Amino acid sequence: METTDVLISGAGIAGTALAHWLRRAGFRPTVVERAPAPRPGGQAVDLRGAGRTVVERMGLMPQARAVAVAQRGIALVDGRGRITARMPVDAFGGEGIVSEIEILRGDLARVLHDATAPDTEYLFDDTVTALDEDADGVTVTFEKAAPRRFALVVGADGLHSAVRGLAFGPEEQCVRQLDCCISWFTVDDDLDLDDWYLMHNAPGGLVASARPGRLPGEVKAGLAFRSAEPLRYDRRDTTAQRELVARRFAHVTGWQVPRLIAAMRTAPDFAFDSLGQVHLDRWSRGRVVLLGDAGYCPTPLTGLGTSLALVGGYLLAGELAAARGDHRAAFAAYERLMRPYVTASQQLPPGGTSGYAPRSALAIRMRAASMRWMTRWPLRNAMAAQFAKAGDIALPEYRDLCTAHPD
């Protein structure tokens, strides 16, 4: 077997999950992360389907459940705050729009980080700036740390992946933009959500939402809007991003929107991004391979990004172990197993962005009506098929991942 040193770019869910399995398989992973520490908080993600199975195989389900968010389900509200439609968390066997186990993204990443930290090297506050591959490995140049050699490099660094940019080309060649932008932030205020994930649509393709956080009095909010033309903005200028969002919602006075805008202006964890899907003909080039959103982001609209990250990390580590260091064979098997799951998961729910952020008052009423009918025939069968995608993959049993290997 060739050297077992593997660099993983990104300490989110995909990167830390892969590190967990690589250590079990006898590899020596190093994780580099641009943030100065594990990113806290974030919005809630779904732990469902095959992703839940992977966490169970890790032995980390008790830790995951301990940090799960208490939610009764999702509900649409009008400008007066009246509920127009709702779907409880137990709909579709706990695998509906809001799944039985919802965890803040940062909390799940922290569970995975804490499980891997004792025997995994983490390089925080740094990033990859160059890759120089030869027949025996990859020399990696970092922004701050000294250059180092690795057998393999994994890009698990999200939609705007630095590794993908270096190995596969510019972002515009890899990402298909959708006509929607979303901001997320925390509101330290009691909005009386009654443990529901509340969502309000306003004409013009505007969406305001608020859901319970894990801590008392903590609310995770979102403001999203449709954009007919791709937006050009500085991803580092959060002040300009906040103003952009505020301008889009300036005329909306219903529900809690003015309150959310005021909280957004000072929220320390404000994040903003456009929605996009990553589509690539292949996920590896030489000794570099992509994982999670970096290789096949499905967008938050599908609710399957976390499942793809967890399953992808499990399969990639398992195939590397099974191939005994033959990365070409491992990467090919990883893609063969993962590609059908990704293809199905990237199919947007009925209506796509129009269903999530309808532009007209009539379309908003139709959205509420469709939610009311989702648990009834004939829509129930179609929605059940959509939610079943999370578990639509047979996970191999990898012998080499069942026993921890010594260094």
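One-based numbering along the sequence shown. Small disclaimer: the values here were computed from a predicted structure and weren't measured.
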### Task
Scan Asp195, Asp194, Asp90 and name whichever one has a side-chain hydrogen bond (donor to acceptor under 3.5 Å, both in side chains) with Arg72.
Asp194
### Message
Under 6.0 Å from the ring centre and within 45 degrees of the ring axis: does the NZ or CZ of Arg226 meet both conditions for the six-membered ring of Tyr356?
### Response
no
### Message
Tell me whether Glu218 contacts the main-chain N or O of Arg214 through its side chain, where contact means a donor paired with an acceptor under 3.5 Å.
### Response
yes
### Query
Quick check: does any side chain N or O of Glu133 sit under 3.5 Å from a backbone N or O of Arg287, one acting as donor and the other as acceptor?
yes
### Check against ring pair (Phe, Tyr, Trp, His ring centres under 6.0 Å), Tyr296 and Trp283
CA-CA 8 Å; Tyr296 33 83; Trp283 301 325; 4.6 Å; yes
### Task
With sequence neighbours excluded, tell me which residues meet side-chain contact (heavy atoms from CB on, under 4.5 Å) with Ala385.
none
### Query
When you measure from the side chain of Asp78 to the backbone N and O of Trp255, does any donor-acceptor pair fall under 3.5 Å?
no
### Query
Backbone N or O of Phe124 within a donor-acceptor pair of the Arg34 side chain at under 3.5 Å?
no
### Query
Between the side chains of Tyr197 and Glu102, is a donor N or O closer than 3.5 angstrom to an acceptor N or O?
no
### Message
Quick one about Thr306 and Asp46 (side-chain donor to acceptor, distance below 3.5 Å, no hydrogens or angles considered), yes or no?
### Response
no
### Task
Check Asp134, Asp136, Asp5 against Arg149 for a salt bridge (charged side-chain N to carboxylate O under 4.0 Å, His left out) and give me the one that passes.
Asp134
### Task
Could you tell me whether a side-chain N or O of Arg23 sits under 3.5 Å from a main-chain N or O of Asp119, the two making a donor and an acceptor?
yes
### Query
Counting N and O atoms only, with roles assigned by atom type, does the side chain of Thr120 sit under 3.5 Å from a partner on the main chain of Ala117, one being a donor and the other an acceptor?
no
### Message
Counting only heavy atoms from other residues, nucleotides and ligands, does the tally under 6.0 Å from CZ of Arg328 exceed 12?
### Response
no
#### Entry: From Leu22, Val6, Thr4, residue fulfilling side-chain contact (heavy atoms from CB on, under 4.5 Å) relative to Arg28
Thr4
### Query
Between Gln277 and Thr299, do the side chains contain an N or O donor and an N or O acceptor separated by less than 3.5 Å?
no
### Query
After noting the C-alpha distance and the side-chain angles of Arg148 and Thr30, does the key distance pass the side-chain contact (heavy atoms from CB on, under 4.5 Å) rule?
CA-CA 11 Å; Arg148 288 171 59 178; Thr30 296; 3.6 Å; yes
#### Entry: Under 3.5 Å donor-acceptor, Ser161 side chain and Asp157 backbone
no
### Query
Does the Arg105 side chain pair with the main chain of Gly42, one donor and one acceptor, at a distance under 3.5 Å?
no
#### Entry: Within-4.5 Å side-chain heavy-atom neighbours: Leu301 and Cys180
no
### Task
Taking the six-membered ring of Trp196 (Phe, Tyr or Trp), confirm whether the NZ or CZ of Arg211 is under 6.0 Å from its centre and within 45° of its axis.
no
### Query
Is there a donor-acceptor pair closer than 3.5 Å between any side-chain N or O of Asp132 and the backbone N or O of Thr139?
no
### Message
Quick check against the 3.5 Å criterion: does Arg372 have a side-chain atom that pairs as donor or acceptor with the backbone of Thr84?
### Response
yes
### Residues, nucleotides or ligands: over 12 heavy atoms within 6.0 Å of Arg376 CZ
yes
